[in-house]
Amino acid sequence: MARIEAVLFDKDGTLFDFAGTWRAVVSKVIDTLAPDAEAAVGMAQAGGFDRATGAFMPGSIIVAGSVEEVGAAWARYRPDLGAAGLAEEIERMSLEAAADPTILAPAVPDLGALLAALSARGLALGVATNDSAAGAERQLTAAGVRGAFGFVAGYDSVRRAKPAPDMVLAFAAAHGLAPRALAMVGDSTHDLEAARAAGVGLAVGVLTGPAGQAELAPHADHVLPTIGGLPALFDRLAGV
């Protein structure tokens, strides 16, 4: 394995437990945008969200996709707004939620301390999310960890969102590194496919999103319960 000099994280489902952070917000978004109860059921199904349990299904477009993709999936239910109008409304409500620290459920008990420990190893840290860049900035700021990251990119920061490698390659370029010097950490196959497409040195899956071990393992070098296992993984790979 190449020497890892930087770590790029997905945001929701990776730095933050996805269901713990977003289930109530998604329910509110659907209730607000659905014109009737039947449409609400259809929108939830199209998004890969179980309204009864608050669970996100593996492959959920809400989890892995951008607001534009969710808007397109819901457009049939709100032809008056259309895909673009829906995306604007989803983004507006998401930005409001992202600025509220009370809704955030970090994936580890002390996210700031973990990120500081990784930085202390000399690792550059970044975030690549299919959320918008503005949403990512607000959420990281609300969680008190924005300063840990020298790079934050959203689907609207690059030409192509994940699973395309654009954000990963932009992170490498921002630090003057070859992709093989990067580790990419994420909770979805979109994250891991982006890592592979970019040619990173280490692809790590985590189980703090809807995807399970069986779904992630074929695409990852390692799968961890949470990002809290990263220091031990780096030590093991370094032979410490």
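Predicted, not measured: the structure shown is a model, and the values here were computed from it. When reading the values below, keep in mind they use all heavy atoms of this one structure, side chains included, and skip hydrogens, waters and symmetry mates. We're numbering straight along the sequence, starting at 1.
Each salt bridge (Lys or Arg N to Asp or Glu O under 4.0 Å) pair with one or both residues in residues 206-220, not counting sequence neighbours, would appear here, but there are none. Within the structure, salt bridge (Lys or Arg N to Asp or Glu O under 4.0 Å) contacts touching residues 34-48 (residues at least two apart or in different chains) do not occur. Residue pairs meeting the side-chain hydrogen bond (donor to acceptor under 3.5 Å, both in side chains) criterion with at least one member in residues 106-119: none, sequence neighbours excluded. Residues in residues 220-235 take part in these side-chain hydrogen bond (donor to acceptor under 3.5 Å, both in side chains) pairs, two or more places apart or across chains: Arg121-Asp235, Arg196-Asp221. Within the structure, salt bridge (Lys or Arg N to Asp or Glu O under 4.0 Å) contacts touching residues 159-168 (residues at least two apart or in different chains) are Asp10-Lys162, Arg160-Asp166, Lys162-Asp191. Listed by first and then second residue, the salt bridge (Lys or Arg N to Asp or Glu O under 4.0 Å) pairs involving residues 138-155 are Glu137-Arg146 (not counting sequence neighbours).
By the salt bridge (Lys or Arg N to Asp or Glu O under 4.0 Å) test, Glu96 is found to be paired with Arg92, residues two or more places apart in sequence or in another chain being considered. Every residue two or more places apart in sequence or in another chain was checked for a salt bridge (Lys or Arg N to Asp or Glu O under 4.0 Å) with Asp100, and none qualifies. For Glu69, there are no salt bridge (Lys or Arg N to Asp or Glu O under 4.0 Å) partners at least two apart in sequence or on another chain.
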Atom pairs and distances, donor-acceptor, side-chain atoms in residues 55-62, under 3.5 Å, two or more places apart:
| residue | atom | partner | partner atom | Å |
| --- | --- | --- | --- | --- |
| Ser60 | OG | Gly47 | O | 2.6 |
| Ser60 | OG | Ile62 | N | 3.2 |
| Ser60 | OG | Val63 | N | 3.3 |

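Other residues sharing a hydrophobic cluster with Leu182 under the 4.5 Å side-chain heavy-atom criterion for ILVMFWY residues are Leu8, Phe151, Val168, Phe171, Leu177, Met184, Val200. Hydrophobic clustering, defined by side-chain heavy atoms of Ile, Leu, Val, Met, Phe, Trp and Tyr closer than 4.5 Å, groups Val158 together with Met167.
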